[in-house]
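Order of the sequence lines fixes the chain letters, A, B, ..., with proteins taken first and strands second; residue numbering starts at 1 for each chain. Being a predicted model, the structure only gives us computed values, none of them experimental.
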Number of protein chains: 2
Amino acid sequence: MTETPAPRPLRADARRNVDALLEAARTVFGTSGVDAPAKEIADLAGVGVGTLYRHFPLRSDLVKAVFQRGVDACADAAPALSAAHEPGAALAEWLLRYTEFLATKRGLASALHSGDPAFESLPGYFMGRLGPTLGTLLETARSSGEIQADVTPEDLLYAVATLSQHGVAYSGRMVALLVDGLRYRAVSGRS
Amino acid sequence: MTETPAPRPLRADARRNVDALLEAARTVFGTSGVDAPAKEIADLAGVGVGTLYRHFPLRSDLVKAVFQRGVDACADAAPALSAAHEPGAALAEWLLRYTEFLATKRGLASALHSGDPAFESLPGYFMGRLGPTLGTLLETARSSGEIQADVTPEDLLYAVATLSQHGVAYSGRMVALLVDGLRYRAVSGRS
DNA sequence: GAACTATACGGAAAAGCTTTCCGCTTAAGC
DNA sequence: GCTTAAGCGGAAAGCTTTTCCGTATAGTTC
């Protein structure tokens with residue numbers, strides 16, 4: 001369907017600048033928050049604002065790109081974890097990795113659900129990339145008998161993401177509570 | 001300590017305008033999001049932007065005020081609920097009321113944790129007002145034997161607030177999971 | 001390896017939003 | 001009704017994002 005009509009190799013310096021911008025943005029977002037002036041990012045990347053806006057027409061496009069990079073890295077980490085640990089441990093390890101990733105995104109994660117239409121596509125990307133990843137981990141753990149309840153990957157992903165906004169220590173406690181809920185799900189027959 | 005040095009009765013038209021602004025802001029935030037231009041709010045309230053900024057020097061002050069109004073209303077609802085229902089039911093009813101309140105705040109609730117220093121004081125107010133409220137409900141329910149685990153009001157309050165950002169249906173499911181966790185807390189002796 | 005051309009760059013200008021300022025209006029007290 | 005100080009409206013200032021365009025340069029051709 002949506003095939004690439006004109007792939008355009010993208011010039012070498014352009015590619016370098018895009019990378020520098022992404023890296024600079026990640027840093028600046030981490031220190032000054034997602035609302036930091038675009039100029040600050042361009043300066044750190046060593047380019048003009050014009051270049052920034054050439055590659056990311058809207059400020060929010062840059063925010064999205066940085067977020068997606070992080071999501072990709074997180075998803076890519078799963079197979080290795082899954083191969084190196086038992087199902088239950090792999091799930092736990094990955095959730096930890098996921099939590100740590102989210103911890104660096106503070107304002108970013110909240111912007112995701114701020115109602116701003118610019119970020120509407122993010123949850124979809126997030127889900128499409130991480131949903132299957134966690135889904136596999138979860139199903140494997142359930143098959144091995146370590147998990148009782150059936151929670152959807154989507155629900156759990158969202159829950160941990162949102163909970164993480166309040167700090168690592170806090171999210172650790174609440175995620176533990178959620179996992180307890182998964183293990184000892186009420187047997188009183190509620191759907 | 002912090003006694004009112006000069007209470008200043010506040011002129012009648014001023015009081016009326018503050019109220020109109022608060023009401024207009026609540027509406028506009030609900031429809032256009034918390035980032036709606038200040039002009040839009042001033043127009044709906046039928047005043048000039050100067051008036052808006054006289055009463056709320058920073059844009060964020062208006063956001064804070066609207067949020068606090070909602071928090072107050074929610075806290076004030078507890079005693080009546082507590083008097084009209086059994087401990088467990090009162091807790092459930094209040095959490096529902098609380099969830100519904102949060103549902104109307106979308107972007108507002110996320111702004112709360114966006115890292116913006118302007119909103120730093122909000123969690124404190126939020127906690128000071130709602131913490132004791134939920135604390136009482138929770139302790140009463142625990143005394144009645146309906147709840148096993150000891151979760152702090154703070155943790156639960158935050159958890160539900162954050163979870164609610166994803167929609168009423170979703171938060172309903174996740175809150176149920178949390179409550180199951182409270183009832184059937186793991187006995188494996190983890191601190 | 002020099003010339004050519006389309007791509008990309010930088011930063012100045014435009015547009016939009018928040019916040020400030022100040023002359024005019026009006027509520028409150030006498 | 002007159003006085004006066006609180007309060008009002010909207011124009012102007014200050015910042016940020018976003019656009020524009022003349023200039024520079026990677027990639028290609030001879």
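- Between B:L44 atom CG and D:dG9 atom P there is a gap of 14 Å when expressed in whole angstrom units.
- Using a 4.0 Å heavy-atom criterion, one finds that B:V49 contacts the bases of the nucleic acid, with or without backbone contacts as well.
- Of the candidate nucleotides C:dC9, D:dT18, C:dT7, D:dT18 has the atom nearest to the side chain of A:Y53.
- Nucleotide D:dG10 holds its P atom 17 Å from the CD atom of B:E40, rounded to whole Å.
- Rounded to the nearest 0.5 Å, atoms CG (B:L95) and CG (B:L137) are 8.0 Å apart.
- Closest to the side chain of A:L10, out of C:dA8, D:dC8, C:dC9, is C:dA8.
- Counting only heavy atoms from C-beta on, B:P37 has its side chain closest to C:dC17 among D:dG27, D:dC8, C:dC17.
- Using a 4.0 Å heavy-atom cutoff across all strands shown, A:R59 reaches sugar-phosphate atoms only and no base atom.
- Taking every side-chain heavy atom of A:R54 into account, C:dC9 is the closest of C:dC9, C:dT7, D:dG7.
- Listed here is the closest heavy atom pair of A:L21 and A:T51: CD1-O, 4.3 Å.
- Nearest heavy-atom pair across A:T133 and A:R129 is OG1-O, 3.0 Å.
- Contact annotation: the side chain of B:W94 approaches that of B:L130 to within less than 4.5 Å [non-hydrogen atoms, C-beta and beyond].
- In this structure, B:N17 does not reach the D:dG7 phosphate: none of its side-chain N or O atoms is under 4.0 Å from OP1 or OP2.
- The two residues B:P153 and B:G135 have their closest heavy-atom pair at CG-CA, 3.5 Å.
- Rounded to whole Å, atom P of C:dT18 lies 12 Å from atom CG of B:L58.
- The distance between atom CG of A:D43 and atom P of D:dT17, rounded to the nearest whole Å, is 12 Å.
- Taking only side-chain atoms of A:V47, from C-beta outward, the nucleotide of C:dC9, D:dT17, C:dG10 with the closest atom is C:dG10.
- Projected onto DNA chain C by closest heavy-atom contact, B:A38 and A:G50 fall at different nucleotides, the more 5' of which corresponds to A:G50.
- Two residues, A:R16 and B:L52, neighbour DNA chain D, and the one matched to the more 5' nucleotide by heavy-atom proximity is B:L52.
- OP1 or OP2 of D:dC8 sits under 4.0 Å from a side-chain N or O of B:H55.
- Rounded to whole Å, atom P of D:dC8 lies 5 Å from atom CG of B:D13.
- Nucleotide D:dA6 holds its C1' atom 14 Å from the CZ atom of B:R15, rounded to whole Å.
- Remark: B:T51 is not in phosphate contact with D:dG7, judged by side-chain N or O atoms under 4.0 Å from OP1 or OP2.
- Spacing between atom CZ of A:R11 and atom P of D:dT25 amounts to 10 Å, rounded to whole angstrom units.
- C:dC17 atom P lies 12 Å from atom CD1 of B:I41, rounded to whole Å.
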